[in-house]
Chemist: 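Quick one: structure below, then a few questions.
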Amino acid sequence: MTNWTPYLGGATLAAFLLTGCGTTTDDKTAEPQEDSVKEENKGSASYGNDSNSDHNNKVRLMEQNLQYTSNGEAKEETAFLKNSDNQPFSLYVLQQYKLSAEEPGKDIVFLTTDDSIFMRIELLTGDVNWDEVEENVQTQLKSLSETIEDPALDVDNGLGFEVVKGDDVITSILLKGEKSPVRLTMFTKRNQDYRDAFLEMAKTLMRK
């Protein structure tokens, strides 16, 4: 992987070293897992629709089309349902990306053609103190740049924070769904904007 040190929750914030990706959840990104076809949403919900009871106790299809913008270009592509073997969730992953365990309590979705482009996924507890989380995120981002900006992404029921350091763009997203709160950290580049693709995949995340 890349020479990026995990900067959120790590002791050293200045360098970015992506620690070992661990065991990936699938051998072939484009092929859905067989058991994912029968996976049930046991009390879980989509982030964009956390209060919608129609999501409960339904079988998730093995694939779903996602609409997103990548480097300024509008796209619609098929994403396949993947299950984390590290945290209790599933989500739809676009074919050019891969879901992998990073370390206990942290998964990543990375671009297969350039693994320096990735999104870290951390599930949070239902009783999370959002004031503390927001303060922690901003403190860590300020260690990279004093200027924290709004990432200008379509974040429903959540907040976004972003800093730019050289060519690197680090974006933190807090999705505040009551049933599935999550903290996302995206590592992209000025000229490689995959943030919307990452966010649209994250919006399909359902906790088991």
Side-chain angles (χ1 to χ4, degrees), residues 8 24-26 29-33 36 39 41 44-52 54-55 58-84 86-100 102 106-124 137 149-162 169-208:
L8 287 185
T24 57
T25 58
D26 353 84
T29 305
E31 296 181 2
Q33 299 175 352
S36 64
E39 181 185 357
N41 304 329
S44 60
S46 168
Y47 283 106
N49 213 359
D50 196 48
S51 61
N52 190 343
D54 289 341
H55 285 284
K58 278 194 174 182
V59 174
R60 301 196 83 181
L61 299 177
M62 65 181 182
E63 61 185 59
Q64 175 179 311
N65 284 352
L66 295 182
Q67 295 179 341
Y68 63 96
T69 301
S70 180
N71 295 304
E73 180 182 356
K75 296 186 176 183
E76 180 173 354
E77 296 179 354
T78 302
F80 293 94
L81 186 64
K82 305 297 179 183
N83 297 285
S84 169
N86 184 42
Q87 298 183 87
F89 73 86
S90 64
L91 82 167
Y92 289 94
V93 178
L94 293 163
Q95 295 185 52
Q96 61 268 42
Y97 299 84
K98 196 164 188 175
L99 172 67
S100 174
E102 183 183 31
K106 296 179 183 179
D107 287 84
I108 59 171
V109 174
F110 64 91
L111 186 65
T112 55
T113 57
D114 183 354
D115 59 16
S116 71
I117 307 297
F118 68 98
M119 171 177 66
R120 179 174 293 127
I121 301 171
E122 300 174 71
L123 299 187
L124 303 176
V137 166
E149 302 175 348
D150 185 334
L153 294 170
D154 183 16
V155 181
D156 295 327
N157 194 21
L159 291 173
F161 308 90
E162 186 171 272
V169 180
I170 302 93
T171 308
S172 290
I173 302 292
L174 302 177
L175 296 178
K176 298 186 176 184
E178 292 182 2
K179 296 180 180 179
S180 303
V182 66
R183 176 177 178 174
L184 307 172
T185 311
M186 304 175 189
F187 298 86
T188 57
K189 306 285 185 181
R190 285 180 181 269
N191 61 346
Q192 298 183 68
D193 185 4
Y194 297 93
R195 297 172 304 159
D196 193 52
F198 282 133
L199 182 58
E200 290 305 311
M201 286 188 279
K203 286 179 180 179
T204 72
L205 188 152
M206 285 189 179
R207 194 163 191 156
K208 298 177 183 178

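Only heavy atoms go into these numbers, but all of them, side chains included; no hydrogens, no water, no symmetry mates. Predicted model, so just to flag it, every value in this text is computed and none were measured.
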Chemist: To the nearest 0.5 Å, what is the distance between CG (D107) and CD (Q87)?
Modeler: 4.5 Å
Chemist: Taking the side chain from N86 and the backbone from S100, do they hold a donor-acceptor pair closer than 3.5 Å?
Modeler: no
Chemist: CZ/F110 to CZ/F198 distance, rounded to the nearest 0.5 angstrom?
Modeler: 10.0 Å
Chemist: Shortest non-hydrogen contact from S116 to K189?
Modeler: OG-CE, 3.9 Å
Chemist: Give the intermediate values and the outcome of side-chain contact (heavy atoms from CB on, under 4.5 Å) for residues I173 and M119.
Modeler: CA-CA 10 Å; I173 302 292; M119 171 177 66; over 6 Å; no
Chemist: Write down the atom of E122, the atom of T185, and the distance for their closest heavy-atom approach.
Modeler: OE2-OG1, 4.4 Å
Chemist: When rounded to the nearest 0.5 angstrom, what distance separates CG in L123 from CZ in R207?
Modeler: 4.5 Å
Chemist: What do the steps show when you test V137 against R183 for side-chain contact (heavy atoms from CB on, under 4.5 Å), and what is the final call?
Modeler: CA-CA 10 Å; V137 166; R183 176 177 178 174; 3.5 Å; yes
Chemist: Tell me, please, which residues at least two apart from E200 pass side-chain hydrogen bond (donor to acceptor under 3.5 Å, both in side chains).
Modeler: K203
Chemist: Can you tell me how the ring of F118 sits relative to the ring of F187, calling it parallel under 30°, perpendicular over 60° and tilted otherwise?
Modeler: parallel
Chemist: When you measure from the side chain of T204 to the backbone of Y92, do you find a donor-acceptor pair of N or O atoms at a distance under 3.5 Å?
Modeler: yes
Chemist: As a test of understanding, state which of V109, V169, L199 forms a side-chain contact (heavy atoms from CB on, under 4.5 Å) with M186.
Modeler: L199
Chemist: Mind checking what makes salt bridge (Lys or Arg N to Asp or Glu O under 4.0 Å) contact with D196, not counting sequence neighbours?
Modeler: none
Chemist: For the pair I121 and L184, evaluate side-chain contact (heavy atoms from CB on, under 4.5 Å) and give the outcome as yes or no after the intermediate values.
Modeler: CA-CA 5 Å; I121 301 171; L184 307 172; 4.0 Å; yes
Chemist: Are any of the side-chain heavy atoms of L81 and Q64 separated by less than 4.5 Å?
Modeler: no
Chemist: Between M201 and L91, what is the shortest heavy-atom contact and its length?
Modeler: O-CD1, 3.5 Å
Chemist: Would a distance-only check, ignoring hydrogens and angles, find a side-chain to backbone donor-acceptor pair under 3.5 Å from D193 to R195?
Modeler: yes
Chemist: Only counting residues at least two apart or in another chain, list the ones meeting side-chain hydrogen bond (donor to acceptor under 3.5 Å, both in side chains) with E73.
Modeler: none
Chemist: Under the side-chain contact (heavy atoms from CB on, under 4.5 Å) rule, what do N157 and L175 come out as? Steps first, then yes or no, please.
Modeler: CA-CA 6 Å; N157 194 21; L175 296 178; over 6 Å; no
Chemist: I'd like to check the side-chain contact (heavy atoms from CB on, under 4.5 Å) partners of D150; sequence neighbours left out, ordered by chain and number.
Modeler: none
Chemist: Please name all residues satisfying side-chain contact (heavy atoms from CB on, under 4.5 Å) with E77, sequence neighbours left out, ordered by chain then number.
Modeler: Y68, K75, L94, Q96
Chemist: To check you understand the geometry: which heavy-atom pair defines the closest contact between P151 and E162, and what is its length?
Modeler: CB-OE1, 3.5 Å
Chemist: Hey, does S84 have a side-chain heavy atom less than 4.5 Å from the side chain of K208?
Modeler: no
Chemist: Please give me the minimum heavy-atom distance between R60 and S90, naming the atom from each residue.
Modeler: NH1-OG, 2.9 Å
